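Written out below as structure tokens is the structure these notes cover.
From a predicted model like this one, the values you see are computed outputs, not experimental measurements. Atoms considered below: every heavy atom in the structure, side chains included; atoms not considered: hydrogens, waters and symmetry mates.
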Amino acid sequence: MRSKKKMTAIGLACLLTVSAPFGSMAQEKPESMDQETWERLQDNVLEYDEIGNLVEYYNPTYQQALQNVQINIQPYEDAAEQLRGTAKELIDDAKNEKDDNVMLYMTYRGYAKGYQEAAKTFEKVAQKIKSSTRSTLNSARKQLTSGVQQLILGYYQALASKELVDTAAELSQAAYDSTLTQRNLGMATDGDVQSALKSLQSAQAQQQSLNDTLTSLKRNLQFMTGWSYDAQVDIGEAPVPDLSRIDGMNPENDLPTAIGNNYTLLGQRRASANSTADRDAKMRTLDESEAKIKVQLDTLYQEVAQSKAAYEASLLALESANLTMAGNEKKYEMGMLGRLEYLQLKLAYLQQKMAADAASLNLVQAIENYNWAVEGLADIS
């Protein structure tokens with residue numbers, strides 16, 4: 001009979017069956033994600049606000065961690081599914097025998113119940129594995145997201161200096177060309193030319209170094225967010241500080257959340273303590289860790305406040321520099337400034353602009369650091 005064959009076919013071997021690992025990258029829209037967000041992730045533009053989703057669904061390190069968990073869970077889920085399927089067939093067979101053979105009916109019902117109970121056991125094991133790894137996976141996902149954020153902010157910092165470095169190279173080239181002309185007119189020496197050449201070569205080397213840095217950072221960003229290193233990916237605009245997030249910060253109010261979320265502290269709480277001495281030592285460790293979180297949260301909040309003040313000051317300075325540069329642009333267009341003088345003034349302006357960009361990005365990073373500490377990433381090791 002077909003049910004008896006199924007009963008003998010299913011055994012411990014089902015526990016050793018591991019299905020093929022799921023794809024390392026998300027191929028279909030997650031149910032919890034809206035269509036607009038999903039489409040933005042596919043547009044080959046890496047935006048700052050997409051980093052969380054890109055890490056969760058495309059980062060190879062995180063996907064490998066998920067895959068490892070699934071490999072451990074899959075045998076139990078497969079076994080439970082097979083057992084429940086067999087139980088259903090046995091129940092159907094029992095219904096067919098109910099009127100003709102009560103003994104066989106009861107036997108099938110008994111076997112079905114046994115398989116259902118076994119399926120529950122395997123499902124509980126799978127759930128236990130999921131529960132035990134959830135904290136580790138959440139910590140890994142947050143740390144990777146924070147790391148990618150720091151990486152892209154570093155990219156934006158480097159990019160903010162590109163116009164300055166390019167202008168410095170342009171100025172050095174113009175100065176070198178001018179020195180050559182002056183030498184031909186007997187107004188400069190060979191030594192002056194050599195000095196100008198060294199300055200030009202130094203500026204060009206800085207220009208090349210910055211371009212190499214930007215290329216390297218971009219490739220790392222692409223890898224960390226799921227693209228191949230040579231993919232044609234655009235990096236979106238740099239983020240601007242969200243001052244409303246600062247308004248919601250309060251170290252005293254946020255401390256309980258930061259303590260409750262901290263992954264190091266969670267591990268310390270789970271540590272076994274069999275003796276009174278061990279329990280006392282564990283309590284001291286927990287108290288010290290909570291104190292460290294408080295200190296760090298206060299420190300990070302102060303860094304946010306200092307970065308905000310520097311950011312606001314840089315905006316005022318940049319506003320003044322913009323007005324001055326606008327005047328210099330008009331003078332240059334009217335022939336009231338020579339090229340060398342104009343480039344020198346432009347270089348001074350770009351230094352101010354780069355300082356403002358850096359202050360903006362520093363504030364973004366300070367805000368992220370505080371919020372990640374509240375999310376459980378405060379370093380108390």
Give the C-alpha distance, both sets of side-chain angles, the deciding distance and a yes or no for side chain to side chain contact (heavy atoms under 4.5 Å, CB included) between Arg183 and Thr189. CA-CA 6 Å; Arg183 185 189 64 177; Thr189 66; over 6 Å; no
Could you go through Ile91 and Gln116, starting from their C-alpha distance and side-chain angles, then the distance that decides it, and tell me whether this counts as side chain to side chain contact (heavy atoms under 4.5 Å, CB included)? CA-CA 11 Å; Ile91 291 172; Gln116 288 171 336; 3.6 Å; yes
Verdict with reasoning, Met224 to Val55, per side chain to side chain contact (heavy atoms under 4.5 Å, CB included): CA-CA 7 Å; Met224 294 290 285; Val55 167; over 6 Å; no
Applying side chain to side chain donor-acceptor pair (under 3.5 Å) to Tyr229 and Asn220, what does each step give before you reach the verdict? CA-CA 7 Å; Tyr229 78 95; Asn220 283 323; over 6 Å; no
Candidate pair Leu337 and Leu345, rule side chain to side chain contact (heavy atoms under 4.5 Å, CB included), full reasoning: CA-CA 10 Å; Leu337 288 175; Leu345 292 170; 3.8 Å; yes
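Cluster annotation: Leu286 and Leu266 are assigned to distinct hydrophobic clusters (Ile/Leu/Val/Met/Phe/Trp/Tyr, side-chain heavy-atom contacts under 4.5 Å, transitive). The hydrophobic clustering, which links ILVMFWY residues whose side-chain heavy atoms are closer than 4.5 Å, places Tyr263 and Ile380 apart. Put simply, Val304 and Trp372 are part of two different groups of oily side chains (I, L, V, M, F, W, Y) that touch within less than 4.5 Å, one to the next. Cluster membership check: Leu137 does not share its hydrophobic cluster with Leu265, using side-chain heavy-atom separations under 4.5 Å among Ile, Leu, Val, Met, Phe, Trp and Tyr. Under a hydrophobic-cluster definition in which Ile, Leu, Val, Met, Phe, Trp and Tyr are linked whenever side-chain heavy atoms come within less than 4.5 Å, directly or via other members, Leu315 and Ile367 are assigned to the same cluster.
Donor-acceptor pairing under 3.5 Å is lacking for the side chains of Ser146 and Glu368. Under the 3.5 Å distance criterion, with hydrogens and angles disregarded, a donor-acceptor pair is assigned to the side chains of Gln173 and Asp177. Counting only N and O atoms by type, the side chains of Gln143 and Ser139 include a donor and acceptor under 3.5 Å apart. Residues Asn250 and Tyr301 have side chains that never bring a donor and an acceptor to within less than 3.5 angstrom of each other. Side-chain contact, Arg219 with Ser216: no donor N or O sits under 3.5 Å from an acceptor N or O. Between the side chains of Lys353 and Asn322, no donor N or O sits under 3.5 Å from an acceptor N or O.
When atom types are taken as modelled, the side chain of Ser320 and the backbone of Leu316 share no donor-acceptor pair closer than 3.5 angstrom. Judged by distance alone, with hydrogens and angles left aside, the side-chain atoms of Gln365 form no donor-acceptor pair with the main-chain N or O of Leu153 at under 3.5 Å. Proximity of a side-chain donor or acceptor of Ser202 to a complementary backbone N or O of Lys198 within less than 3.5 Å is not detected. Of the possible donor and acceptor atoms, one in the side chain of Asn211 sits under 3.5 Å from a partner among the backbone N and O of Gln207. Within the 3.5 Å criterion, the main-chain N or O of Ala174 finds no donor-acceptor partner in the side chain of Arg339. The backbone N or O of Glu375 lies less than 3.5 Å from a partner atom in the side chain of Lys142, making a donor-acceptor pair.
Contact annotation: the side chain of Lys282 never approaches that of Gln268 to less than 4.5 Å [non-hydrogen atoms, C-beta and beyond]. No side-chain heavy atom of Leu171 sits less than 4.5 Å from a side-chain heavy atom of Tyr176.
To the nearest 0.5 Å, atom OG of residue Ser161 and atom CD of residue Gln206 are 10.0 Å apart. Of the inter-residue distances, the one linking Asn369 atom CG with Asn362 atom CG reads 10.0 Å to the nearest 0.5 angstrom.
Salt bridge Arg284/Asp280: absent, no basic N to carboxylate O contact under 4.0 Å. A salt bridge links Lys308 with Glu312: at least one charged nitrogen is closer than 4.0 Å to a carboxylate oxygen.
Each of Ile235, Asp357, Val364 was checked for a side chain to side chain contact (heavy atoms under 4.5 Å, CB included) with Tyr156, and the lone residue meeting it is Ile235.
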